[in-house]
Amino acid sequence: MTDKNNTIESSEVQKKANFIDLQIEEDLKQGKNNNCVHTRFPPEPNGYLHIGHAKSICLNFGIGEKFNGKTNLRFDDTNPSKEETEYVESIMEDVHWLGFDWEDRLFYTSDYFGKLHKFALKLIRDGKAYVDDQDAETISKQKGTPTRPGIESPHRNCTIEENVDLFNRMTAGEFDEGAKVLRAKIDMSSPNMHMRDPIIYRIMKAHHHRTGDKWCIYPMYDFAHGQCDYWEGITHSICTLEFEVHRPLYDWFVDQLQETAYRPRQIEFARLNLTYTVMSKRKLLELVKDGHVKGWDDPRMPTISGLRRRGYTPESIRCFSEKIGATKVNGMIDVSLLEHSVKEHLNKTAQRVMGVLNPLKVIITNYPENQSEELDAINNPENSEMGIRKVPFSRELYIERDDFMEDPPRKFFRLGPGREVRLRYAYFITCTSVIKDNKGEITELHCTYDPASKGGNSPDGRKVKATLHWVSIEHAVKAEVRLYDRLFNDKNPDGHKEIDFKEFMNPDSLQVLPNCFIEPFVKDAKPFDHFQFERLGYFNFDIDSTKEKPVFNRTVQLRDSWAKAQMKK
RNA sequence: UGACCCGUGGUGUAAUUGGCAACACGUCUGUUUUUGGUACAGAAGAGUCCAGGUUCGAGCCCUGGCGGGUCAACCA
C-alpha cells in the first residue's frame, strides 16, 4: 500500500518548510517536550474524507516523517448521533491509500470516555465545573454576544456535593436528554465566547458505534480533544483556522491536567478551498443523499474515494499537497493545480494505449481483405523500461471523428479529402473518398495506405502534418467511456449568501459514451488501472466494468492546443 | 461596532539575524517531436492593501487606517 519509492515527490518536489515546520523547529530548539514530535489526524467519522482532509493528512503524517516523530490516527467520535462505522472504515482505507500508516496507534476519543468522565469529576471537586439545568435557549441567552458580556447561571455557585450528585445522576441516566449539562466554570465576561462557561458534557440517549449503550452522557469536542492529545503525548495538535478562538480553552483544560513540563500545542492552518467545488461535509452529504451524484465515490466528488475512482494517484495528491503548502491565509486554489499534479504523475507512469471515443470508420481500400498484422507500439515514451507492445492493424479501422474535416481550415493538420496523415505506429494513409448516408452524414472514409511507410516512416522522407490514433475494428474492445467535467459552473458555489450552491451544478458534468473502441491491450485491465489514451487524456478502468462492457473514466484531458485555439473563436 | 486571525503577480507559495521580491500553476511566443501530449527556451504579469514612523536600507519592525475571515451549536 505504501509505495513510496518511485514517487515524484521524493525526487522532484523539494519540500519547503511552512510556518508549522518553523514553529516546530523553534520548539525543538527550545528543547520542549523532550525533543519529541508527535502529531495526530483526528477525523470525525461522520462522512467520507475529501481532498481538504488529504491536505491535513499529508501535513500531519508529513510532520511525523520530517521530524522523525509519530502520527496517530484518532477518530473523534463524541457525537453518536452522527457517526457510523461505515465512515470509520472508509477513512482508514483512504489514509492507507494515500500512503500513510499509523502503525499500532489507532485511537478513538471514545476510548477515553472513562478518563474524561473522571476528569470532569475532578473539575467539579475542584470547583471548576457545575451542573446547569437550564434549557439550551436560556443558556445561550445568558452567554451574551461577542460585544456584550454574559451573565452567570443561577446554578453556577451550587455546592460541590450537589454538583457531584447531579453529575452522577446524569451519568446514571436519571434525566432526560437536554435536561442538564455540565459546564466548566471559567469566565462569563471573557471577550472570548468559548470561555464563557462552555458546556463540556451533554445528555444524549443515543447508541454509540463503539461504546454501545454504556453512556448516556457524551463529552463535547472542546472538552475531549486537548485531553486526548495530552494522554496520547501529542506535541503539536494541528487543526484548521476556525479553532483558533478555541485555543485559550484548549490551553485552559490542559492547564488543569498538566503534571509535568510536557504540553501539547495547538497550531491552526487554513483549510483547503478549491475553485468550482464545495468542500463542506454537510454539502457533500447533501449531494449524495439527494442523488445529485451516485455516491461518496462518484468520480466528480472531491472526496478521496471519488478522486481515486476518477483516476487520481496517491502520489499526485501528496505532490499537490506539498505544492499548495500550509499557511494561515484563507484562499482558494485553482483546480488546475490539482489537475496538473495528476497529469505530471500519470505522464511518467501511465501505459499508453490507443482508443477511439467517437468512431469514424475507415476502409483502407488497397489493404488486403482478411489480412492483419501486428505493429510495435511504445508503452510509455517517458519510460523506456515499460517496453513495447503489439497493436493489430487491418483493412477496417476506426479513427476519431474529430480527426477528419471535409472542408478543413488552413490550421487543421489532420485528415481531409486528398490529405495524407500518419496512423500512429502504422502507415501513412491518404483519404480518397468520403461516403455519406442519405442525410448527408459521413458514414465512412475510403483511404489508401503506403505499404512502404510501415511503422510510421516513409523511406522517401515525406512528411505529414498529423499523426492520428486509430483502432482495428476487428480487434478492438468495445467500451463505455465516462467523461467528467466540473460539478459546478461557479468558481465558488458556496460563496453566495442568497443562492443555494446546488443552483450552480453543471448539468453536463457527466457524459457517457457507450460506443468507444479501445485497442485489445486493455483486455486484462483491472479496476483503477491507469492509461493514457493517446492524444486524448488519462483514463482508468472503473469498478462498474463487466466482462461484456469495460468502463473507463476520464481522469483529465491532455492539453489540447488545437481545441483551445478553437475555443477562442 | 468586541476579541482573535489574515492581506506579496490572475492563483498558490517563498524571501535565514531588515539587504537586488523568487518559485510553481495558469497565460502568451518559439524550438523539438510518430501524441496539436511531454520536454526545452523565452515573454508578459506584483514593487508586497493604504498612510505615516524607525533605519544608510522595510514585504519583514512600530503606529493608525482599510479590506477579508472566524467566534454568540447541548456540532466537530
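Each chain gets a letter, A, B and so on, in the order the sequences are listed, and its residues count up from 1.
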Which part of the nucleic acid does [X] contact within heavy-atom distance under 4.0 Å: base, sugar-phosphate only, or nothing?
X	result
A/Pro381	base
A/Asn347	base
A/Val181	base
A/Glu339	nothing
A/Gly178	base
A/Phe243	base
A/His246	base
A/Thr145	base
A/Arg247	nothing
A/Leu337	sugar-phosphate
A/Asn46	nothing
A/Arg196	nothing
A/Thr275	nothing
A/Phe269	nothing

Just N and O in the side chain of [X]: are any of them under 4.0 Å from OP1 or OP2 of [N]?
X	N	result
A/Ser140	B/rA73	yes
A/His340	B/rC25	yes
A/Thr78	B/rA76	yes
A/Arg535	B/rG36	yes
A/Lys564	B/rU27	yes
A/Arg559	B/rU38	yes
A/Arg202	B/rC75	yes

I want to verify a distance call: between [options], whose nearest atom is closest to the [X] side chain?
X	options	value
A/Phe413	B/rG36, B/rA76, B/rU13	B/rG36
A/Glu382	B/rG37, B/rG36, B/rA76	B/rG37
A/Met220	B/rA73, B/rG12, B/rG36	B/rA73
A/Leu558	B/rU35, B/rU1, B/rG36	B/rU35
A/Ile139	B/rC74, B/rG7, B/rU35	B/rC74
A/Arg352	B/rU13, B/rG37, B/rU70	B/rG37
A/Lys323	B/rA24, B/rA76, B/rG2	B/rA24

Between [Y] and [X], is the closest basic N to carboxylate O distance under 4.0 Å?
X	Y	answer
A/Arg535	A/Asp403	yes
A/Arg156	A/Asp197	yes
A/Glu373	A/Lys454	yes
A/Lys328	A/Glu244	yes

*Compare the aromatic ring of A/Tyr221 with the six-membered base ring of B/rA76 and state whether they stack according to the 5.5 Å and 30° rule.*
no
*Would you say the side chain of A/Arg148 and the base of B/rG2 hold a donor-acceptor pair, judged only by whether the two atoms sit under 3.5 Å apart?*
no
*Establish, for the pair A/Arg486 and A/Tyr276, whether the NZ or CZ atom is under 6.0 angstrom from the six-membered ring centre and no further than 45 degrees off its axis.*
yes
*With under 30° as parallel and over 60° as perpendicular, where do the rings of A/Phe223 and A/Phe119 fit, or are they tilted in between?*
parallel
_Syn if the chi torsion is within 90° of 0, anti otherwise; quick check, which is B/rG47?_
syn
*How far, in whole Å, is B/rU17 from B/rC60 if one measures between their P atoms?*
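Nearest-Å result for B/rC60 against B/rU17 at atom P: 15 Å.
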*For B/rU16, the Watson-Crick or wobble partner whose two distances fall under 3.5 Å*: none
*Taking the six-membered ring for Trp and the single ring otherwise, decide whether the centroids of A/Tyr538 and A/Phe533 are under 6.0 Å apart.*
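For A/Tyr538 and A/Phe533, the ring centres are not under 6.0 Å apart.
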